[in-house]
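These numbers come from a predicted model, not from an experiment.
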Amino acid sequence: MPNLLIKLTVSGIEIEAALPVPGAPGPRRAILPILHNLTNTIVTIAEQQATAVAQTISCRKGCDACCRQMVPISESEAFHLAATIDNLHAPARARIYQKFEEAESKLHRAGLLTRLDTRAKLTTRQQQQLDIDYFHAQIPCPLLHQKSCSIHPNRPLACREYAVTSPAKFCDHPTADRIRQLPLGAQVSLAFRQLDNHSWLPLTLARRHLATNPPEPQVSPADTLTQLLNLL
C-alpha cells in the first residue's frame, strides 16, 4: 500500500504526515479512517487554542443533547455506517436497526419526514426552521446507547467536529445567541460532502436511504484524498 504525503496548514499549525492509502480503486469510504484522524487533529488544535484564551470545552461523556440534533452525513458515510453496524454483535446490531425504524416512525408522526425528503428545495430559512423543529422532536440518534455513542470510534465527521464552549445547560435549549460552537480551522465533513456531489442526508434516515440500493461508486482513494485536501 503506497504512502501519500499530506501537508495542510490549519489555524496557523502545519500538519504533515505520510499516510498509507490503497492504490487500487475502491469505495470513497475507504479514506474515512484517514479523515477521522485528520478531523480529530483539527479539533485538538481548536481545543488547544480555545484553552489558551481561557475557554473551556463543555462537552463531556454522558452529555447527549447534541445526539438529538440533525446530523448531516454524506452517502459515503452512510455506506461506512452500514458496514460498521453489520460488523457488530447480533444483539447490538438488532438494537440499532430497531432504533432506526423507531426514529423514522417518530419523524413521520412529527410531520418532519416529507420536509426532510424535500430539504434540497427549501429556502435557507426553511432549512434552519427544519433544524429547530427536528431538535424539538427530541428523536435520539439510533446509535445512542446508555447516553453514549455505540460506535464512537467510527462516528461521523460532523459528530467529531461539534463541540461547544458555552455552558452545557444551554444545550438542552440551543439558540444561536446561547450556543458558542468551537471554531475549526477546517471542516473535513463539508469537503467530503462536496466530493459526494454536495449531497447529504440525515443520519437517522441512512438505513432508509440505503434500502433504495444506490450504487457505491469506485474511485481512486489517493486522488480522492488529494481532491479533498485541496478543498480545505
Applying the side chain to side chain contact (heavy atoms under 4.5 Å, CB included) test to T39, which of L32, T44, L157 qualifies? L157
Side chain to side chain contact (heavy atoms under 4.5 Å, CB included) with L203: which of C67, P142, P72? P142
Does a donor on one side chain and an acceptor on the other come within less than 3.5 Å for [X] and [Y]?
X    : Y    : answer
N197 : S199 : no
D223 : Q227 : no
S189 : E161 : yes

Residues [X] and [Y] bridged, charged N to O under 4.0 Å:
X    : Y    : answer
D131 : R119 : no
E77  : R193 : no
R207 : E101 : yes
D86  : R93  : no

Does the ring centre of H152 sit less than 6.0 Å away from the ring centre of H145? no
Please check if the side chain of [X] supplies one atom and the backbone of [Y] the other of a donor-acceptor pair under 3.5 Å.
X    : Y    : result
T123 : Q126 : yes
Q49  : S11  : yes
S150 : L143 : yes
R28  : S76  : no

For residues L116 and M70, report the shortest heavy-atom separation together with the two atoms involved. CD2-SD, 3.4 Å
Geometric cation-pi criterion, R208 with F100: 6.0 Å, 45°: no
